[in-house]
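As the structure is a computational prediction, the values presented were derived from the model and not from experiment. Proteins get letters first, then strands, A, B, ... in listed order; numbering begins at 1 in each.
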2 protein chains.
Amino acid sequence: MDITPFLDKKSKIPLYEQLYSFFKQEISHARIAKGTKLPSKRRLSSLLDVSTATIERAYEQLTAEGYVKSKPKIGWFAAEVEPDFPSAPDHFQQSAQPGSHKKNAPAIDFYQGNVDPAHFPFTAWRKSIVKSLDRYSDSFHTSGDPQGEYELRHTIARFVRLSRGVNCDPGQIIIGAGTTVLLQILCLMLKPGTKIGFEEPGFHRSRKIFEANRMNVIPICTDAEGVLPDELYRRNPYFMYTTPSHQFPLGTIMTITRRQELLAWAAKSNSFIIEDDYDGEFRYSGHPIPSLQGLDPNGRVIYLGTFSKSLLPSLRLSFMIVPPELMKSIKNNAELMKQTVSAHSQFALADFIETGEWQKHINRMRGLYRKKHAVLLEAIRSELGNIVEILGKNSGLHILLRLLFPASEDEAIKTAANNGVTIYPVSPSYKERTPFVSVLIGYGGLSEEDIRLGIQKLKTAWAPLISPY
Amino acid sequence: MDITPFLDKKSKIPLYEQLYSFFKQEISHARIAKGTKLPSKRRLSSLLDVSTATIERAYEQLTAEGYVKSKPKIGWFAAEVEPDFPSAPDHFQQSAQPGSHKKNAPAIDFYQGNVDPAHFPFTAWRKSIVKSLDRYSDSFHTSGDPQGEYELRHTIARFVRLSRGVNCDPGQIIIGAGTTVLLQILCLMLKPGTKIGFEEPGFHRSRKIFEANRMNVIPICTDAEGVLPDELYRRNPYFMYTTPSHQFPLGTIMTITRRQELLAWAAKSNSFIIEDDYDGEFRYSGHPIPSLQGLDPNGRVIYLGTFSKSLLPSLRLSFMIVPPELMKSIKNNAELMKQTVSAHSQFALADFIETGEWQKHINRMRGLYRKKHAVLLEAIRSELGNIVEILGKNSGLHILLRLLFPASEDEAIKTAANNGVTIYPVSPSYKERTPFVSVLIGYGGLSEEDIRLGIQKLKTAWAPLISPY
DNA sequence: GGGTATTTGTCCGTATGTATG
DNA sequence: TCATACATACGGACAAATACC
């Protein structure tokens with residue numbers, strides 16, 4: 001047992017905590033047997049050249065958590081701890097040694113759900129959280145408003161009107177821990193077998209939610225302008241799920257005429273449209289088109305928004321704007337489920353938006369993503385120019401690569417993986433047959449350099465797949 | 001000498017100055033004899049929950065003015081001082097007394113879901129949150145592990161084993177934003193019409209979740225020992241939902257024999273038991289009985305735990321421990337729903353538990369609730385002694401009052417409301433007929449004084465309902 | 001076997017750095 | 001910039017347990 005190399009006096013992590021983590025690891029992994037006498041304060045202190053009080057503090061903390069026991073005037077002893085599970089990732093060891101890069105560099109991950117890790121306004125966000133903790137501490141002892149805290153709903157209502165042209169009052173907003181939770185609340189009001197129109201292709205996670213709730217999911221084809229209204233008249237679903245601002249996965253932006261046709265259909269057939277605006281904040285070219293919800297005078301649109309892309313995926317905070325006609329039954333179900341987002345997160349987000357930090361962040365990110373987007377397109381053009389076609393390049397945080405060479409989706413993904421690049425299949429987005437071979441490329445979470453590198457690697461990976469003639 | 005009430009953290013007067021004034025008063029009024037050793041920096045610091053440096057600053061100022069003398073490495077001692085004017089007004093006592101009661105006092109709310117608002121270890125919790133923000137910022141840019149962050153699951157596994165006798169490894173744990181979300185995930189794996197045994201009476205919110213998911217909810221009667229196993233053999237549901245550690249709403253604690261019978265039934269019939277341990281941390285008398293999960297060698301128990309009662313309702317954090325046989329399908333559904341709790345909350349809670357703060361808090365709360373509980377019982381005995389019967393008085397944060405006078409539940413609640421007391425109906429807990437008239441009294445969120453006052457008001461409210469003969 | 005020096009945990013005051021408003 | 005408060009780390013005084021002579 002040698003601690004010396006684990007103590008880093010220059011680290012930001014306090015000395016006593018480094019010691020604490022070390023012993024915690026050793027004991028819980030049974031590398032120090034229970035009952036073993038630990039080195040005395042003074043011995044360790046002179047060995048490691050730190051104060052005895054530092055050692056003492058580490059031991060004290062370990063005592064508080066039951067890892068060691070102290071016998072006064074005798075010594076400290078490792079306590080009995082459940083053996084740790086061997087597969088447990090040694091998180092502490094890794095985080096304590098930030099310098100050591102793995103030999104096998106992690107794959108470059110083009111996952112569409114990731115966002116830029118480097119430019120998040122951490123200080124401001126932290127400030128909002130701390131502020132909300134201090135200011136709203138009175139509200140934390142109840143489970144809170146099942147729809148979500150009024151402050152946040154009010155803020156969202158105001159903001160969404162300005163930025164997305166969505167009209168609503170706070171009473172129509174339901175806060176939830178992710179779009180899936182909100183869709184789940186929606187499903188609770190529907191009988192199994194209810195007809196749900198769903199873009200084909202479309203966002204598979206949402207489709208699976210409907211399917212798991214035993215809805216009758218009807219694929220509705222899309223073209224370059226968006227959902228085809230004829231199909232809707234023919235199949236006449238009760239709900240129609242769509243992603244008009246940036247169709248998933250194709251990336252098309254629904255035209256204004258198509259939007260109006262959709263709304264007309266909904267009004268005529270007493271159906272509802274679910275508008276999932278999952279990354280509507282990021283548009284790079286062309287005029288912004290108002291949301292379906294904002295265009296709709298008849299209250300036929302359920303609007304879904306999220307802060308996963310525009311703030312932090314790990315925050316798990318989305319919202320749903322419900323038309324008055326559905327409000328009562330959805331509210332009932334929301335109350336049944338209770339609120340799913342912690343009050344402090346809600347207050348923090350409200351503050352973050354109110355202080356203008358969110359807007360600043362989005363603006364900054366839009367610029368960054370625009371640049372990444374350009375880098376990606378350029379890299380693809382130069383590296384893969386004649387073997388792929390790019391689809392959906394005007395907004396959002398992902399594009400589609402249609403393969404112009406005879407390889408299966410599976411082959412394309414596997415060879416990429418073997419070359420250290422993770423890309424994603426498009427076929428799950430289709431309920432029925434997939435018309436052409438393509439892969440999903442999300443670039444939000446990668447640096448410009450990694451984007452270039454990743455595309456280069458793709459070229460290498462795919463080279464053998466291209467027929468030689 | 002008790003300083004606690006004199007320290008007002010929200011005051012504009014600096015903390016060190018409040019301390020300084022206090023000791024100056026005490027010493028110059030000779031309430032502290034000369035030569036007395038003053039409490040050490042650390043002792044005071046932990047007692048008052050301020051930094052040691054703050055105490056030091058106060059002592060220093062006192063030293064400078066000759067009120068105390070410092071002996072290095074030994075302590076601080078009160079010095080000899082001219083006695084001050086004896087009639088000096090105790091300025092602090094006034095400013096610290098927040099006692100100005102409002103004229104229109106809000107209703108006294110006996111809601112069972114509320115918890116004590118005054119004794120939450122706010123500083124420690126805040127510290128855990130800030131620490132998790134600082135230390136895990138790398139993890140926030142992805143949506144995280146759908147089951148929940150490994151650190152938290154590991155911590156919960158360890159803790160639940162020690163405190164509730166539950167056996168599991170972190171891989172079996174699913175974190176979710178509330179018990180309802182977890183039950184919802186459970187329901188996604190069940191066909192509509194699946195038979196769910198449900199305690200009669202039972203926790204209505206859970207029942208409604210099953211019903212909303214179109215399960216076939218079968219009421220299973222309970223007696224003083226818990227669920228009746230005969231009923232189970234007769235009706236043979238696939239899942240049986242129960243609250244063995246503190247039956248909701250009756251408050252009975254399931255006996256060990258009954259527990260074993262239940263487990264035997266589940267093993268024999270290949271069914272599963274859902275053990276909802278919603279407030280198992282709080283038990284006031286009798287021996288602790290191990291959880292069903294801990295007694296079960298056959299993996300037939302799904303254990304539900306929550307931090308709503310034992311920490312903060314607004315945190316929205318619960319967990320589910322899944323037996324291996326169900327793991328695969330439940331995991332699938334959890335992945336479909338994605339994780340519903342923000343990563344920073346998860347890391348913060350893991351830290352809060354790991355640093356021993358949670359245990360401290362529970363211990364403290366158990367004592368407080370025990371006292372409130374005693375106050376409540378005493379108040380009921382003295383005020384309502386002969387018109388009600390108390391049910392379920394050995395654990396948890398609520399009791400049941402059975403009305404011994406001829407009034408309806410509705411009447412009892414309405415007259416109470418008219419007298420400024422909110423109490424809750426028991427009838428929603430019953431799926432079928434309610435056998436006797438009773439009301440639900442939760443006391444976790446009320447002060448001892450309000451508990452007494454509330455019961456007094458109940459007496460006044462109900463007086464007219466009692467037949468005069 | 002009894003006294004003494006040493007080891008050890010516990011408690012203490014002090015100094016310096018850092019975050020916040 | 002400055003006041004307030006907290007966090008981290010240091011080194012010494014003390015008394016009990018232990019080891020040694």
Side-chain angles (χ1 to χ4, degrees), chain A residues 7-21 37-64 68-78 122-135 351 355, chain B residues 7-21 36-64 68-77 121-131 133-135 351 355:
Chain A
L7 255 192
D8 177 8
K9 289 213 172 183
K10 280 168 195 152
S11 159
K12 265 196 80 174
I13 299 173
L15 292 175
Y16 77 91
E17 197 162 323
Q18 295 183 41
L19 280 165
Y20 154 81
S21 300
K37 185 161 182 292
L38 301 179
S40 89
K41 236 181 52 160
R42 276 166 253 260
R43 185 111 58 89
L44 253 189
S45 143
S46 75
L47 184 67
L48 303 176
D49 199 28
V50 296
S51 152
T52 57
T54 305
I55 315 284
E56 192 181 323
R57 179 153 181 193
Y59 279 172
E60 254 171 15
Q61 193 163 338
L62 288 162
T63 308
V68 315
K69 287 206 189 307
S70 139
K71 292 193 190 172
K73 328 284 169 167
I74 312 249
W76 267 291
F77 299 84
F122 220 77
T123 317
W125 175 239
R126 193 187 124 126
K127 202 177 285 181
S128 288
I129 289 207
V130 170
K131 202 161 147 190
S132 91
L133 278 177
D134 290 346
R135 198 149 311 167
D351 182 76
T355 52
Chain B
L7 253 193
D8 177 9
K9 289 213 171 186
K10 283 170 192 145
S11 159
K12 276 192 76 174
I13 301 172
L15 290 176
Y16 75 93
E17 200 166 321
Q18 296 182 41
L19 279 166
Y20 156 79
S21 305
T36 308
K37 184 160 182 296
L38 300 180
S40 87
K41 251 180 45 161
R42 269 166 250 266
R43 186 106 55 91
L44 254 189
S45 139
S46 79
L47 185 68
L48 303 176
D49 200 29
V50 297
S51 152
T52 57
T54 305
I55 314 285
E56 189 184 328
R57 185 155 178 188
Y59 280 172
E60 261 172 7
Q61 193 163 337
L62 288 161
T63 309
V68 315
K69 288 207 189 302
S70 141
K71 292 192 191 175
K73 324 278 170 178
I74 310 267
W76 268 289
F77 298 84
F122 218 75
T123 317
W125 176 240
R126 190 188 126 128
K127 207 178 287 179
S128 288
I129 288 207
V130 170
K131 198 160 152 194
L133 279 175
D134 289 347
R135 215 151 288 181
D351 182 77
T355 52

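The residue among B:K41 and A:I74 whose nearest nucleotide of DNA chain D lies closer to the 5′ end is B:K41. Mapping A:R43 and B:R42 onto DNA chain C by nearest heavy atom places A:R43 at the nucleotide closer to the 5' end. Checking B:P14 against B:T52, the closest nucleotide of DNA chain D that is more toward the 5' end is the one next to B:P14.
Within the nucleic acid shown, B:Y59 has no heavy atom closer than 4.0 Å to any nucleic acid atom. A:R126 comes within contact range of the sugar-phosphate backbone alone, with a heavy-atom separation under 4.0 Å but no base atom that close.
Other residues, nucleotides and ligands contribute at most 12 non-hydrogen atoms within 6.0 Å of the NZ atom of A:K71.
Computed from coordinates, the B:K127 NZ to D:dA5 P distance equals 16 Å when rounded to whole Å. Summarising the geometry, the separation between CD on B:E56 and P on D:dA5 is reported as 14 Å, rounded to the nearest angstrom. Regarding B:I55, its CD1 atom lies at a distance of 16 Å from the P atom of D:dT4, rounded to whole Å. A straight line from CD of A:E17 to C1' of D:dT8 spans 11 Å, rounded to a whole angstrom. Per the geometry, CD belonging to B:E60 stands 14 Å off C1' belonging to D:dT4, to the nearest Å. Separating the CG atom of B:L19 from the P atom of D:dC6 is a distance of 10 Å, rounded to the nearest angstrom. Rounded to whole angstrom, the span from the CD atom of A:Q61 across to the P atom of D:dA9 amounts to 12 Å. Taking atom OH on A:Y20 and atom P on D:dT8, their separation rounds to 13 Å, with Å as the unit.
Residue A:R57 has no polar side-chain atom (N or O) positioned under 4.0 Å from OP1 or OP2 of D:dA9. A sub-4.0 Å separation between OP1 or OP2 of D:dC10 and a side-chain N or O of A:T54 is present.
Here the OG1 atom belonging to B:T52 is positioned 14.5 Å from the CZ atom belonging to B:R43, to the nearest 0.5 angstrom.
Remark: the backbone N or O of A:K41 is not paired with any side-chain donor or acceptor of A:E56 at under 3.5 angstrom. Without hydrogens or angle criteria, A:Q61 side chain to A:E17 main chain gives no donor-acceptor distance under 3.5 Å. Between the side chain of B:S45 and the backbone N or O of B:V50, at least one donor-acceptor pair lies under 3.5 Å.
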Set out, in order, the CA-CA distance, both residues' side-chain angles and the distance that settles side-chain contact (heavy atoms from CB on, under 4.5 Å) for A:Y16 and A:I55, then state yes or no.
CA-CA 6 Å; A:Y16 77 91; A:I55 315 284; over 6 Å; no
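When the options A:L44, A:L19, A:T54 are evaluated for a side-chain contact (heavy atoms from CB on, under 4.5 Å) with A:Y59, the one that passes is A:L44.
Where DNA chain C meets chain B (any atom under 4.0 Å from a heavy atom), the bounding nucleotides read 5' to 3' are C:dC12 to C:dT14.
Nearest to the side chain of B:L15, among D:dG12, D:dA16, D:dC6, sits D:dC6.
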